[in-house]
Amino acid sequence: MSEKLVLVDGNSILYRAFFALPLLNNEKGVYTNAVYGFTTMLLRILEEEKPSHLLVAFDAGKTTFRHKTYTEYKGGRQKTPSELSEQFPLVKELLGAFDISHYELDQYEADDIIGTMSNEAKQDDMDVKVISGDRDLLQLVDKGVNVSLTKKGVTNIENYTPEFLEEKVGIRPDQVVDMKALMGDSSDNIPGIPGVGEKTAVKLLKQFGTLEAIYENLDQINGKKLKEKLENHKDDAFMSKELATINRESPIKVKLNDITYNGYKPQRVLELFKELGFHSLLNRIEGGDYETEQETNSLEEIEYRLIEDVKSDLFSGKDALFLEMLEEHYYYGTVLGFAVVNHKGNYFIPTEVALNSEAFKAWAEDEKQEKFVFDAKRVTVALKRQEIDIKGISFDMLLASYIINPAENHHDVPSISQRMDFYNLSYDEEVYGKGAKQKVPEEEVMSEHVVRKANAIFQLKDSIVDKLKENDQYHLYTDLELPLAAVLGEMEYYGVQVDTDRLNEMGAELKERLNTLEQEIYELAGESFNINSPKQLGHILFEKLELPVIKKTKTGYSTAADVLEQLKDKHEIMPKILLYRQLGKLQSTYIEGLLKVVDEGEQKIHTRFNQALTQTGRLSSTEPNLQNIPIRLEEGRKIRQAFIPSKEDWVIFAGDYSQIELRVLAHIAGDEKLIDAFQNNLDIHTKTAMDVFKVDDDKVTSNMRRQAKAVNFGIVYGISDYGLSQSLGITRKEAKAFIETYFESFPGVKAYMDQIVKEAKQNGYVTTIMNRRRYLPEITSRNFNRRSFAERTAMNTPIQGSAADIIKKAMIDLAARLEEENFEAKLLLQVHDELILEAPKHEIERLQQTLLEVMENTVQLDVPLKVDFACGDTWFDAK
DNA sequence: TGCCAAGATG
DNA sequence: CGACGGATCTTGGCAC
């Protein structure tokens, strides 16, 4: 069996990983993104290469023998960021756990160690593979020596053999150093010949072979300038060559025998992974699953009583309650049981016991008895289904966790607990399995797990509340999100009536039109194919019909609507495809999709609002998403005809905030012109156009208004100049100029944008008017993309988030008013800036008044809030 | 099962 | 120098 040596350029891979991955940190706040990237790369090598010998080489210290040649070597390089340098010890720890050797040598770089080892191995006829992100290493490529360079990220690599190098770059491995001598390398501060880039270098080397040969034949060079430059920088070129050449005879002390690789002990690796928080990598380690089960069994014991008959003295007035249900959809799911934990003890109450108990119901409905739960809305809706109207929920671990940091991806009891340094429980996945394998284990295992979750809530409640208070977010939590959960729960439980006949009717009509279109498209294409497959469609359009390729995706031709739109006049088939797409979307997502989730009995849809997901504080809606029902195109808008009142002589009611985000912007930026515009109730897009184009209002063309609208849209949604250029079909430069003119016109907005970015850099987060927070660790990133994104987020989140705060408060206020004033009207949906209700006709006038009053006055800003209102027989008609 | 491209909304 | 694409949800296709 042939032996294989893998040599890893440790520094290079770590740098790559650090800049490729977002700044992750584990629960102790230690940055781990580079180590994480390094680990995924390492696992991949072990799996794919199965090396018999393995060494990771690192650079040593600041100076190398190259500095004697050139003191400026690697000069001007930015200092390694501390977020990265603190990860080096972790990597060495990681290598220790994997039993992998690493090596560094004073005065030498990782390259030299790798070059030397690779030479030795070559003499022993071993296969060698070098892993790095540094193109210099390509000089080592040879028969039996492959060099893999990271392309994008860390695990995406490109493998160079001598043939591939020739094909890709056009040079032999031994010419790599000559090339660098000519081109130089700004990152290593190697001068090279100014003005010579890759193309010229390759051309020269193809012609002459080596740097030396080039200088021997200078007279043959065509191009006076080039020749001059070569002559003037001869010394630089030769010095550069020397610097770029890897030393293949470094005085290293390791021998091949020292770096044989015999695998690792899973136990050690698993332990370290857990410590680092690499949970997603656990299952890639042999025995990873087994180990996690082990952990389940090794939890500290917990005692609890199985309740067979609920007595009211079980409760204490301050009880943690956990309702267990595996299904995501709590409106339809099965309740597996309840756990109650209080200062008296821990209890598990089986579903039937609880639901058949008067004492349980009485306790649940008693507002004075405080309950600490996880996901108040889930509990509320699931119990409503059982005719229990739970009251007195004073703590919701889910909402609290979301408020503390919406960026956390895992807001479940075990994850939250872990972040609070509380470990005495397992993950749901460990107890129930996941995916198709998910199942309910034996009763005792399940009940103990549920008790542990209630216990975690009970134990952690106080410190979580402290944390909220510390961040001045207790009001947001207790006066906004918690009461909102009850309002949303009521809305979800109540549901929206759907006219399924209407949907079926539309579906039948669509089906026919789609069939006809399909046939026509096949006819024009000359063959039948799957129009829904971008791959097949791309083949037909761009290969068979030879239409011009406008945009590509990673996997092939782009067939997105904006691309097809540009080809509309190029071929008869295009309008048909566009229409097919449009109607197909309506059919699959809105007709079929909605019909699938209509409750058979009552013909209602019960969407679920996710209250703890978005980074800005907005809600989202699932199964189905009722926040993206079509409206822009007439054809799609008709879907709304299927949303109807649930009772006769009732109507659908809609109230929407007009320009709430821009009003919020005017308020928080304190921009006088913007405030003035809203106080005078001007058309804001026209007003923007007037200011940006410097014309009177009667001179604003519809095109100017359209462009101004796009700029306003951009401000609200935080898009970049690139984004604006895309939406307006102009160049990035023009878009940038646009934005600048906008800022000149609204200096208050400009000042706010500058100030909020500064604030974000200082604090590490931004806040909304109700003190919702969003952390922006990447605001100090050295990566342009990351930093820019964070900056736009800093500007945008207070705007969008404050608007979200406002409508949430309006919902709570409105629900209270409806109840106090004995309205029959019911809230149905929230779509970011509008509220949808249903109401009996006789309430219309009174409701209109109340709705406007509540929505417009729920907060007082420096500009008025304006609400538009409409009602009709269906959602479609409420326009 | 999981990812991608596409398209719907504010 | 230029880099750079708002969020969330659902669908169908397709590779694994």
**Q.** Closest to the T559(A) side chain, choosing from dT10(C), dA6(B), dG7(B)
**A.** dA6(B)
(Q) To the closest 0.5 Å, what do you measure between CG (L484(A)) and CE (M491(A))? (A) 8.5 Å
Q. Picking from dA8(B), dA6(B), dT11(C), which would you name as closest to the side chain of S588(A)?
A. dT11(C)
Q | Interatomic distance, Q611(A) CD vs dA7(C) P [rounded to whole Å] | A | 21 Å
Q: Select from S620(A) and D562(A) the residue whose nearest nucleotide in DNA chain C is closer to the 5' end of that strand.
A: D562(A)
Q.
Is there a side-chain contact between Q587(A) and the phosphate of dT11(C), meaning an N or O under 4.0 Å from OP1 or OP2?
A. no
Solution key, residues 708-720 of chain A side-chain donor-acceptor pairs under 3.5 Å, sequence neighbours excluded:
{"unit_1": "N712(A)", "atom_1": "ND2", "unit_2": "H685(A)", "atom_2": "ND1", "d": "3.0"}
{"unit_1": "N712(A)", "atom_1": "ND2", "unit_2": "T688(A)", "atom_2": "OG1", "d": "3.0"}
{"unit_1": "S720(A)", "atom_1": "OG", "unit_2": "Y722(A)", "atom_2": "N", "d": "3.4"}
{"unit_1": "S720(A)", "atom_1": "OG", "unit_2": "G723(A)", "atom_2": "N", "d": "3.1"}

Q) Touch check for S558(A), heavy atoms < 4.0 angstrom, all strands: base, sugar-phosphate only, or nothing? A) sugar-phosphate
Q: May I ask you to check whether over 12 heavy atoms, not counting those of K604(A), lie within 6.0 Å of atom NZ?
A: yes
Q: Would you please determine if the base of dA3(C) is stacked by F784(A), with stacking meaning a centroid separation under 5.5 angstrom and planes under 30 degrees?
A: yes
Q: Check every atom of dA7(C), dA6(B), dA5(B) against the side chain of K554(A) and return the nucleotide holding the closest atom.
A: dA5(B)
Q. Should the pair H606(A) and Y332(A) be assigned to parallel (<30°), tilted (30 to 60°) or perpendicular (>60°) ring geometry?
A. perpendicular
Q) Over how many whole Å does the gap from Y722(A) atom OH to dA3(C) atom C1' extend? A) 12 Å
Q) Could you state the CD1-C1' distance from I719(A) to dA7(C), rounded to the nearest angstrom? A) 13 Å
Q: Check the distance between dG13(C)'s P and H539(A)'s NE2 and give it to me in whole angstrom.
A: 17 Å
Q) So what does Q726(A) touch, heavy atoms closer than 4.0 Å: a base, only the sugar-phosphate, or nothing? A) base
Q. When you compare dA6(B) with dG5(C), how far apart are their C1' atoms, in angstrom units rounded to a whole number?
A. 16 Å
Q.
Just to be sure I understand the rule, does R632(A) reach a base, reach only the sugar-phosphate, or reach nothing, if contact means heavy atoms closer than 4.0 Å?
A. base
(Q) Just verifying a value: how many Å separate I668(A) CD1 and I756(A) CD1, rounded to the nearest 0.5 Å? (A) 7.0 Å
Q.
Using 0.5 Å steps for rounding, measure from the CD1 atom of I660(A) to the CG atom of D833(A).
A. 7.0 Å
Q.
Counting the atoms with a prime plus P, OP1 and OP2 as sugar-phosphate, which does G435(A) contact under 4.0 Å by heavy atoms, base, sugar-phosphate, or nothing?
A. sugar-phosphate
(Q) Using the side-chain heavy atoms of N628(A), tell me which of these nucleotides is nearest: dC9(C), dA3(C), dT1(B). (A) dC9(C)
Q. Does R618(A) have a side-chain nitrogen or oxygen under 4.0 Å from the phosphate oxygens OP1 or OP2 of dA7(C)?
A. no
Q: Calculate the interatomic distance between D721(A) atom CG and dA3(C) atom C1'; express it in whole Å.
A: 11 Å
Q: Look at the side chain of L613(A) and decide which nucleotide, out of dT8(C), dA8(B), dC4(B), has an atom nearest to it.
A: dT8(C)
Q.
Counting only side-chain heavy atoms from C-beta out, which of dC4(B), dA8(B), dG5(C) sits nearest to T555(A)?
A. dC4(B)
Q | Centroid separation F746(A) to Y742(A) less than 6.0 Å | A | yes
Q | Listed nucleotide nearest any side-chain atom of S720(A), set dG7(B), dG5(C), dC9(C) | A | dG5(C)
Q. Just checking N530(A): base, sugar-phosphate only, or nothing, at a heavy-atom cut-off of under 4.0 Å?
A. sugar-phosphate
Q) Quick one: is dA3(C) close enough that its OP1 or OP2 comes under 4.0 Å of any side-chain N or O from N783(A)? A) no
Q | N or O in side chain of K535(A) less than 4.0 angstrom from dA15(C) OP1/OP2 | A | yes
Q) For the pair made of OH in Y590(A) and C1' in dT9(B), what is the distance, rounded to whole Å? A) 7 Å
Q: Tell me what L586(A) touches on the nucleic acid: a base, only sugar-phosphate, or nothing, going by heavy atoms under 4.0 Å.
A: nothing
(Q) Using the side-chain heavy atoms of R792(A), tell me which of these nucleotides is nearest: dG5(C), dC9(C), dA5(B). (A) dG5(C)
Q | Under-4.0 Å side-chain N/O to phosphate OP1/OP2 contact, S533(A) with dC14(C) | A | yes
Q. Taking the side chain of P534(A) as heavy atoms from C-beta outward, which of dA5(B), dT9(B), dT10(C) is closest to it?
A. dA5(B)
Q.
In whole Å, I'd like the distance from the CG atom of L578(A) to the C1' atom of dA6(B).
A. 12 Å
Q: Check whether any side-chain nitrogen or oxygen of T589(A) sits under 4.0 Å from OP1 or OP2 of dC9(C), and answer yes or no.
A: no
Q. How is Q536(A) classified with respect to the nucleic acid when contacts are heavy atoms under 4.0 Å: base, sugar-phosphate, or nothing?
A. sugar-phosphate
Q) For F876(A) and dT9(B), what is the distance between atoms CZ and P respectively, to the nearest whole Å? A) 13 Å
Q | Sidechain-backbone polar pair: Q587(A) side chain, G507(A) backbone, donor-acceptor under 3.5 Å | A | yes
(Q) By the 4.0 Å heavy-atom rule, please label E623(A) as base, sugar-phosphate, or nothing. (A) sugar-phosphate
Q) So does S621(A) get a side-chain nitrogen or oxygen closer than 4.0 Å to the phosphate oxygens (OP1/OP2) of dT8(C)? A) no
Q. Can you find a side chain N or O atom of T614(A) that sits less than 4.0 Å from OP1 or OP2 on dA7(C)?
A. no
